[in-house]
Each structure stands twice: as structure tokens, then as C-alpha cells.
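What follows is one structure encoded as C-alpha cells, with my remarks underneath.
All values below come from the heavy atoms of this structure, side chains included, with hydrogens, waters and symmetry mates left out. Remember, it's 1-based here, ligands and their atoms both numbered in the order they're listed. What you see is a predicted model; the values in this text were computed from it and never measured.
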Amino acid sequence: MKVNGTPTRTVWMEGSTVRMINQPLLPHRFEIVDLPAYTDTARSISTMVVRGAGAIGATAGYAMAQAALAAPDAGFHDAVAEAAKVVQATRPTAQNLFYAVRRVLRAVEACGDDLTAAREAAVAAAQDIADDDAACCEAIGRHGGPLVPEGARVSTHCNAGWLAFVDWGSALSPVYVAQRQGRRPFVWVDETRPRSQGARLTAWELAQEGVAHAVIADNATGHYMRTGQVDLVIVGSDRIAANGDVANKIGTYSSAVVAAANGIPFYVAAPTTTIDPDCPSGDRIPIEERGQDEVCYTWGWSDEGRFIRVRTTPNQSGARNPAFDVTPAALVAGIITEKGIVPATPEGIASVARR
Ligand code: MRU
């Protein structure tokens, strides 16, 4: 997708340096951050400089490639295995992260003691993961685009646009296709507290593409659904269980319940790398609980141009901060994948899942 007219990806690798968009600075500042070592790249995932399932997966793949490039000949395989542990510990929910680490490890292990080949294979696998993510998201747009007719009003939660992937995005890809085909979609953008990925990232992306949209407080979504102003919902996913249950950003479940109460189709868009075939149901998806400061404080730019945080809750109040929730398969109209739209059922999931 384009930033100020220039085609841009969220994350890429140049030599042994990983480069990515510094997402916490958006929408007010667009900067690229350079990460020279795999430990820096891993930290960019845990601190959410990069976030979103596909982007996290691509970043994890690149981190593993950096680890392989830097690992000494003596103890090479141990060093790469240690790096895999570090990268896998950065965030618990997004399946793409674990998929990417496994894919690079497999490529390295297949080279045995040929360490030159192993390093090359790690870099190639990481690049394939990123390219595959972009291609899958583009295909999701092709399959999901027809769900967005002329003037459709689409509700979305969090950011599942191209910033959450390498390019195109999942939930927003059908919207971008509809826009480019002249169908003038409109998007209701849930603010998505506490980190405001909707208000900060989805709104910025849609503005860059010229898609009509309005940011709404999370608690306004039900109002627009009940009053007939939402035609369909499309959200992304961080992990999809084998039975079709879907984990996504906290608040997604509430949106799905209200959509069902109002007869509004609720779609989930995700590349098949987000499916966890070994996870039988949503009850087994690990839900990340983040620090309470994300709820008690908010970050933003002051009128003086300083990036500051301000406390919004009483000093003596604690908070809870689950980052994701699970939407039961029964509430999902279909899963838009790069292989087509499948039902959120064990059979539908099995027909597209990959390892
Ligand atoms: O915590 P984040 O920002 O990494 O979470 C991302 C999401 O949960 C989004 O909901 C997104 O829709 C999933 S699709 C990448």
C-alpha cells in the first residue's frame, strides 16, 4: 500500500538489518526504525513497535534470520534454538508468530551442518514468509471484495489493515478492493481501547487510501448496528482454532454478539497461517493479559508537539487488561482466507488449514 504515494511494507530486511514502520508514532509521525540484532527485533514485537498477527509473523521470521546470520559456527544450532525461544516468548496469542519461527527453524534444520546453506535458507524462508503474507492478503481482498457492494457500510474492530500485515491487510483488504473498483465503501472504525489501534492505525490507513470512514467510541458500535447503519462486519484474527472459534482484539466478541442480535453478517478475514490446527477450541487459545498502565493512561501528541502520556483513572484504581477475546464459531458468517471463504466449522477450517 502507499504512504504519501510511495509503495511501502510494514517490515522488511536490508542486509542483516530489519526495518519497520514505528507504529506507536502513528498517526502523527511516520518514521522507520532500524533493528540491527535479532534481540532488537524481538523487542519490537513485545513492545508493540510492530503489532498485528501477520506483521508480527513476518517480523519473527526476520528475527530468526538475523539470529542465524549472527550465530557463531561453534554451537550454531544451539544459538538458533535459543533465539527461537526468545522470539516465541515475545507475545503469546498471534499464531503467525509461532508459524514463522517454526518455518525458519525447519529451513535451517534441513541444511544440517552446512552452515552457509543454513544461513541462506533462514534468510530465504523469512523473505518467503513476508512475501507469502502479502500475497495471501491480496487474495483475501479478491475473495472478500464481492461481500462489499456499492456504498456498503462496514464495521471493523482494531486494526486488521495492511499495518497489521506486510501489505494489504486482512479485514480491510476487501474494503480496499471495493474502493479500487469504485464501489465507495464506508467504514465504521471502532476506536479499540486501550491502545486505540482503530483510531490511530485503521483511520490513518483508510485516510491514506481515500476510503470514507468515521472513528467511533467502542461503545457506539451497537447503536449504529441497531439503527440499521451497518451492513456487515469484517474483523481480523490473531488465532483461529480447529473448531472455528476466533481470537481477536478485545471487544470483538461484543461486536459479534450485537451483530448477531441485529442480523448483521459478521465475517473474519485471515490468512491460513493464522489457523492453529492443533488448538481444538477457543477455550485453549492463550489470551495475553497486558499491563494495567495501558488502561490507566493514554498517549498522544500535545499541542506543543510533545508525545506525552496522561493518566485518565484515579491514582488508587487498579485495572485489568486482557488484549484479546474469543468469538464462538457460531457467531461467524464465514472466514475469508486466501483460499476462499470457508464456514467457521471443523470441516471448513480443515479444508484450508496448513502446518
Ligand atoms: O495487539 P495487536 O495490536 O497486535 O492485535 C492485533 C489484533 O488483534 C487485531 O485485532 C487484528 O485485527 C488481528 S488481524 C492482524
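Of all atoms in ligand 1, numbered sequentially from 1 with element shown, those under 4.0 Å from a heavy atom of Gln197 are 1 (O), 2 (P), 3 (O). Annotation for ligand 1: atoms under 4.0 Å from non-hydrogen atoms of Gly52 are 2 (P), 4 (O), 6 (C), 15 (C). Close contacts between ligand 1 and Arg91 involve ligand atoms 1 (O), 2 (P), 4 (O) [criterion: under 4.0 Å to a heavy atom]. For ligand 1, the atoms closer than 4.0 angstrom to any heavy atom of Phe165 are 14 (S), 15 (C).
Looking from atom 1 (O) of ligand 1 to the surrounding protein, the closest heavy atom is Lys249 NZ, 2.7 Å. The nearest heavy-atom contact from the protein to atom 15 (C) of ligand 1 is Ala53 N, 3.0 Å. Of the protein's non-hydrogen atoms, Asp238 OD2, 2.6 Å is the one closest to atom 8 (O) of ligand 1. Given atom 12 (O) of ligand 1, the protein heavy atom at minimum distance is Asn248 OD1, 3.2 Å. Given atom 9 (C) of ligand 1, the protein heavy atom at minimum distance is Cys158 SG, 3.2 Å. For atom 11 (C) of ligand 1, the nearest protein heavy atom (residue, atom name, distance) is Asn159 O, 3.2 Å.
Taking OH from Tyr62 and CE from Met13, the interatomic distance works out to 8.0 Å, rounded to the nearest 0.5 Å.
Side chains of Arg195 and Gln197: a donor-acceptor N/O pair is absent below 3.5 angstrom, by distance only. In summary, the side chains of Asn248 and Ser237 do not present any donor paired with an acceptor at a separation below 3.5 Å, with no hydrogens or angles considered.
At a 4.0 Å heavy-atom cut-off, ligand 1 touches Ser237 through the backbone alone.
By the 4.5 Å heavy-atom criterion applied to side chains, Arg51 and Ile45 are not counted as neighbours. Using a 4.5 Å cut-off on side-chain heavy atoms (C-beta onward), Thr8 and Lys2 make no contact.
In this structure, Arg309 forms a cation-pi arrangement with Tyr297, its terminal cationic atom sitting closer than 6.0 Å to the ring centre and no more than 45° off the ring axis.
For Arg354, the CZ atom sits in a packed shell: over 12 heavy atoms of surrounding residues, nucleotides or ligands are nearer than 6.0 Å.
Of the candidates Arg102, Arg239, Arg284, Asp276 forms a salt bridge (charged side-chain N to carboxylate O under 4.0 Å, His left out) with just one, namely Arg239.
Within the 4.0 Å heavy-atom cutoff, Glu288 does not count among the residues contacting ligand 1.
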